Amino acid sequence: MKYRLIFFLIFSLIANCTSLEKERLALEKEKLEFEKKKLQFQEEKLKNCNCCNPCASCGKAEEVVIVEKKEKPDCIKETPPTSEEIWALSVEGNWHYSPDKIKSKNICKGDKKESFYKQFANTESYVAKEQVPATKQSSCINNVLFSGKSQLYNLMLDKTAKEEQLSLSKADKTQILQESVDYNNAEKGRSFYYECKPTDNGGRWDSCKCVLYASYPEGKQGLAGRMKK
């Protein structure tokens with residue numbers, strides 16, 4: 001009886017030791033699995049990061065790398081022409097900066113003078129007497145635009161050809177003229193009126209004159225280059 005009790009105690013002790021050892025081994029296994037996953041995570045993090053050395057910020061999706069760009073040298077500003085200067089050069093028709101550049105005063109030395117200005121007048125409107133002053137003004141301006149636009153394009157070509165001593169066949173002129181019209185109609189602001197003034201004694205817009213303009217890429221030089229092709 002005494003030996004059975006001793007045997008039982010020894011067996012129980014061995015069984016408990018074995019159970020504790022199993023739990024310890026299981027715990028060590030979980031610890032190893034955790035370290036393995038941690039290592040895999042770090043490796044993936046480094047793969048997704050184009051860093052030469054591991055760093056705390058690598059792998060962050062929200063991080064933005066800013067590439068420093070060299071700024072363009074500041075342009076040499078030019079004083080825009082006055083309204084009076086545009087009116088003066090438009091008597092015979094001539095090239096200058098576009099109205100947008102003139103109004104924004106954003107003109108740099110070397111910018112192309114791409115707009116051709118020419119003034120046209122309108123006689124008394126056929127509906128002027130029946131209109132109020134505000135309506136007379138829009139009617140008079142529209143009449144100048146309607147009658148002057150075609151003359152403007154023709155003068156732009158003829159004056160450029162004469163000054164550059166170029167001769168154009170009728171077919172060539174028709175082709176270039178159509179190209180010029182298409183270019184100006186393709187984008188708002190390339191061709192319109194710069195300014196208009198009433199010319200009747202009372203300033204009621206019974207008659208008026210306007211400075212119209214049309215554009216061409218690189219201005220007079222660009223148009224002359226097209227004529228030489």
Side-chain angles (χ1 to χ4, degrees), residues 75-125 136-168 172-200 203-229:
C75 72
I76 301 174
K77 293 287 186 179
E78 284 200 1
T79 304
T82 64
S83 175
E84 289 75 17
E85 289 174 325
I86 295 298
W87 276 94
L89 68 85
S90 68
V91 174
E92 298 295 330
N94 214 331
W95 296 87
H96 219 299
Y97 298 116
S98 69
D100 286 344
K101 279 187 173 292
I102 293 173
K103 291 175 183 178
S104 67
K105 299 180 180 180
N106 185 26
I107 302 173
C108 300
K109 187 176 181 179
D111 286 352
K112 300 294 184 181
K113 297 179 178 181
E114 296 186 324
S115 294
F116 183 82
Y117 296 87
K118 178 71 174 72
Q119 64 176 261
F120 296 92
N122 176 47
T123 56
E124 186 172 348
S125 171
K136 284 182 179 181
Q137 179 178 347
S138 60
S139 176
C140 195
I141 292 173
N142 286 335
N143 284 338
V144 175
L145 285 167
F146 181 78
S147 61
K149 268 293 186 70
S150 61
Q151 299 178 59
L152 174 68
Y153 289 118
N154 275 288
L155 181 62
M156 183 174 73
L157 267 66
D158 292 342
K159 197 167 189 294
T160 300
K162 182 178 180 181
E163 291 175 352
E164 296 297 312
Q165 298 181 349
L166 299 170
S167 59
L168 290 173
D172 287 341
K173 182 180 178 180
T174 301
Q175 177 63 33
I176 298 173
L177 186 64
Q178 185 59 54
E179 290 174 4
S180 301
V181 173
D182 291 343
Y183 173 77
N184 282 273
N185 290 338
E187 188 173 309
K188 186 178 179 180
R190 287 179 176 173
S191 178
F192 201 44
Y193 70 88
Y194 175 72
E195 280 182 352
C196 293
K197 297 177 181 178
T199 53
D200 58 294
R204 296 183 299 270
W205 291 90
D206 292 331
S207 60
C208 62
K209 61 181 178 181
C210 298
V211 174
L212 306 186
Y213 68 91
S215 305
Y216 199 88
E218 298 192 3
K220 179 181 177 181
Q221 290 74 20
L223 184 56
R226 172 64 184 88
M227 292 177 177
K228 293 174 183 177
K229 290 183 178 179

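In this chain, numbering begins with 1 at the start of the sequence shown. The model shown is predicted, which means the values in this text are computed figures rather than measured ones.
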Spell out, as yes or no, whether a donor-acceptor pair under 3.5 Å connects the side chain of [X] to the backbone of [Y].
X      : Y      : result
Asp200 : Asp206 : yes
Ser139 : Lys136 : no
Lys220 : Trp95  : no
Ser98  : Ser115 : no
Gln119 : Cys210 : no

Look up atom [atom1] in [X] and atom [atom2] in [Y], then write down how far apart they are to the nearest 0.5 Å.
X      : Y      : atom1 : atom2 : value
Leu157 : Leu152 : CG    : CG    : 10.0 Å
Leu145 : Ser138 : CG    : OG    : 11.0 Å
Leu155 : Leu212 : CG    : CG    : 11.0 Å
Leu168 : Arg226 : CG    : CZ    : 9.0 Å
Asp182 : Leu177 : CG    : CG    : 9.5 Å
Ile176 : Tyr216 : CD1   : OH    : 6.5 Å

### Message
Please tell me whether Cys140 and Cys208 are bridged, where bridged means their SG atoms are separated by under 2.5 Å.
### Response
yes
### Distance SG-SG for Cys75, Cys108 less than 2.5 Å
yes
Just wondering, do [Y] and [X] contact through their side chains at under 4.5 Å, heavy atoms?
X      : Y      : result
Tyr183 : Pro217 : yes
Leu223 : Glu164 : no
Asn185 : Ser191 : no
Ile86  : Glu195 : no

### Message
Does Lys118 qualify as a cation-pi partner of Phe116, given the criterion of NZ or CZ under 6.0 Å from the six-membered ring centre and within 45 degrees of its axis?
### Response
no
### Summary
From the list Lys173, Glu179, Gln178, side-chain hydrogen bond (donor to acceptor under 3.5 Å, both in side chains) partner of Gln175 resolves to Glu179
Can you name the nearest heavy-atom pair linking [X] to [Y], along with the distance?
X      : Y      : result
Gly110 : Glu78  : N-OE2, 4.4 Å
Ser180 : Tyr153 : O-CE2, 4.2 Å
His96  : Pro81  : CE1-CG, 3.5 Å
Glu187 : Arg190 : OE1-NH2, 3.1 Å

### Message
Holding to salt bridge (Lys or Arg N to Asp or Glu O under 4.0 Å), I want the full list of residues that pass it with Lys197, two or more places apart in sequence or in another chain.
### Response
none
### Task
Mind jotting down which residue pairs meet the salt bridge (Lys or Arg N to Asp or Glu O under 4.0 Å) criterion with at least one end in residues 87-107? Sequence neighbours excluded, please.
Lys101-Asp111
### Message
Evaluate Trp205 against Cys196 for side chain to side chain contact (heavy atoms under 4.5 Å, CB included), listing each step before the verdict.
### Response
CA-CA 10 Å; Trp205 291 90; Cys196 293; 4.0 Å; yes
### Message
Does the plane of the ring in Tyr117 sit parallel, tilted or perpendicular to the ring in Tyr194? Use 30° and 60° as the thresholds.
### Response
perpendicular
#### Entry: Stepwise side chain to side chain contact (heavy atoms under 4.5 Å, CB included) test for Glu84 and Trp87
CA-CA 5 Å; Glu84 289 75 17; Trp87 276 94; 5.7 Å; no
### Message
Run Tyr193 and Tyr213 through side chain to side chain contact (heavy atoms under 4.5 Å, CB included) and show every step you take.
### Response
CA-CA 6 Å; Tyr193 70 88; Tyr213 68 91; 5.7 Å; no
### Message
Would you say that more than 12 heavy atoms from the other residues, nucleotides or ligands in this model lie under 6.0 Å from the NZ of Lys209, or not?
### Response
no
